[in-house]
Number of protein chains: 2
Amino acid sequence: MPDIAEAKKRCARVAAILKTLAHPQRLFLLCRLAKGEATVSELRDASGASQSLISQHLTRMRREGIVQARRDGNFVHYRIVDPRLSALIKDMEKTFNE
Amino acid sequence: MPDIAEAKKRCARVAAILKTLAHPQRLFLLCRLAKGEATVSELRDASGASQSLISQHLTRMRREGIVQARRDGNFVHYRIVDPRLSALIKDMEKTFNE
DNA sequence: TTTGCATATTAGAATATTATAATATTCAAA
DNA sequence: TTTGAATATTATAATATTCTAATATGCAAA
């Protein structure tokens with residue numbers, strides 16, 4: 001049985017991830033990415049947010065290690081790094097649909 | 001197949017819930033509550049945070065409909081309202097342990 | 001080697017969140 | 001009916017987040 005200090009550390013780690021998910025636009029981006037890679041343009045078109053804002057969100061998530069970028073000519077493709085996160089997001093979508 | 005506007009609304013709803021979970025102390029409280037009811041005192045002792053802060057977090061979650069309170073003499077027992085949320089929290093604990 | 005498209009960065013004002021301290025309420029037992 | 005324990009509320013300073021606008025960078029085709 002784990003220690004309380006240990007449990008708190010885990011909560012802090014998970015809360016940090018959730019903080020990133022806990023934003024309507026970022027969650028929307030991640031829901032899209034949970035289905036597979038997408039370019040910044042695609043994500044911008046789908047979300048309707050400004051290019052700058054999308055890029056800022058993606059940069060933040062890149063820094064946090066949640067997504068990875070892959071350049072292909074002019075376009076940059078993003079994807080979710082940890083498959084467990086993709087699974088969690090899909091699961092949440094299912095759980096909270098109605 | 002749902003509309004994009006519809007998807008955005010769902011993201012906003014889910015993000016609002018996640019925003020509440022996305023705080024180390026609140027997540028700790030919820031992890032404890034996911035196992036069953038607990039009083040404010042228990043939660044305070046377990047978390048080590050101040051009485052005022054615990055109460056503020058609980059009041060916030062009560063307002064949001066995430067938890068419910070039940071008074072029993074001097075003590076107030078809290079519990080998570082939606083079993084789907086309990087399940088999600090347990091699931092996240094499992095997912096992110098290691 | 002310039003032009004244009006795709007993406008990234010930066011700065012800053014507006015707003016939201018957090019924790020602490022102080023005070024108020026609610027209830028039970030003496 | 002006062003006292004004390006358990007919980008709630010309020011105000012506020014400190015900090016963090018968000019968005020917009022402006023500018024910069026990377027790349028490819030002409």
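Just so it is clear, the model here is predicted, and its values are computed rather than measured.
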What integer distance in Å separates [X]:[atom1] from [N]:[atom2]?
| X | N | atom1 | atom2 | answer |
| --- | --- | --- | --- | --- |
| B/Leu18 | D/dT17 | CG | P | 16 Å |
| A/Leu58 | D/dT18 | CG | P | 14 Å |
| B/Arg70 | D/dA6 | CZ | P | 17 Å |
| A/Ile54 | C/dA6 | CD1 | C1' | 13 Å |
| A/His77 | C/dA8 | NE2 | P | 12 Å |
| A/Met61 | C/dT9 | CE | P | 14 Å |
| B/Phe75 | C/dA29 | CZ | C1' | 13 Å |
| B/Leu43 | D/dT7 | CG | P | 9 Å |

Quiz prompt | Phosphate-side-chain proximity, A/Tyr78 and C/dA8, N/O vs OP1/OP2 below 4.0 Å | solution = yes
Looking only at atom types and distance, does a side-chain atom of [X] sit under 3.5 Å from a main-chain N or O of [Y], one as donor and one as acceptor?
| X | Y | value |
| --- | --- | --- |
| A/Lys19 | B/Lys19 | no |
| B/Arg84 | A/Thr95 | yes |
| B/Arg26 | B/Phe28 | no |
| A/Ser55 | A/Gln51 | no |

Quiz item: Starting at the 5' end of DNA chain D, which residue's closest nucleotide do you reach first, A/Asp72 or B/Ala69?
Solution: B/Ala69
Quiz item: Considering all heavy atoms of both residues, which atom of A/Glu37 and which atom of A/Arg79 are nearest to each other, and what is their separation?
Solution: CG-CB, 3.6 Å
Quiz prompt | Footprint string (nucleotides 16-24 of chain C, 5' to 3'): B base within contact, S backbone only, - free, heavy atoms under 4.0 Å | solution = -SSBBBB--
Quiz item: So what does A/Thr59 hit on the nucleic acid, given a heavy-atom distance under 4.0 Å: a base, only sugar-phosphate, or nothing?
Solution: sugar-phosphate
Exercise. Please tell me which of the listed nucleotides, D/dC27, D/dA6, D/dT7, lies nearest to the side chain of B/Asn74?
Key: D/dA6
Exercise. Group every Ile, Leu, Val, Met, Phe, Trp and Tyr by side-chain heavy-atom contacts under 4.5 Å, then state whether A/Leu53 and A/Ile66 land in the same group.
Key: no
Self-check item: Evaluation steps, side chain to side chain donor-acceptor pair (under 3.5 Å), between A/Arg70 and A/Tyr78
Solution: CA-CA 6 Å; A/Arg70 166 177 79 78; A/Tyr78 277 87; over 6 Å; no
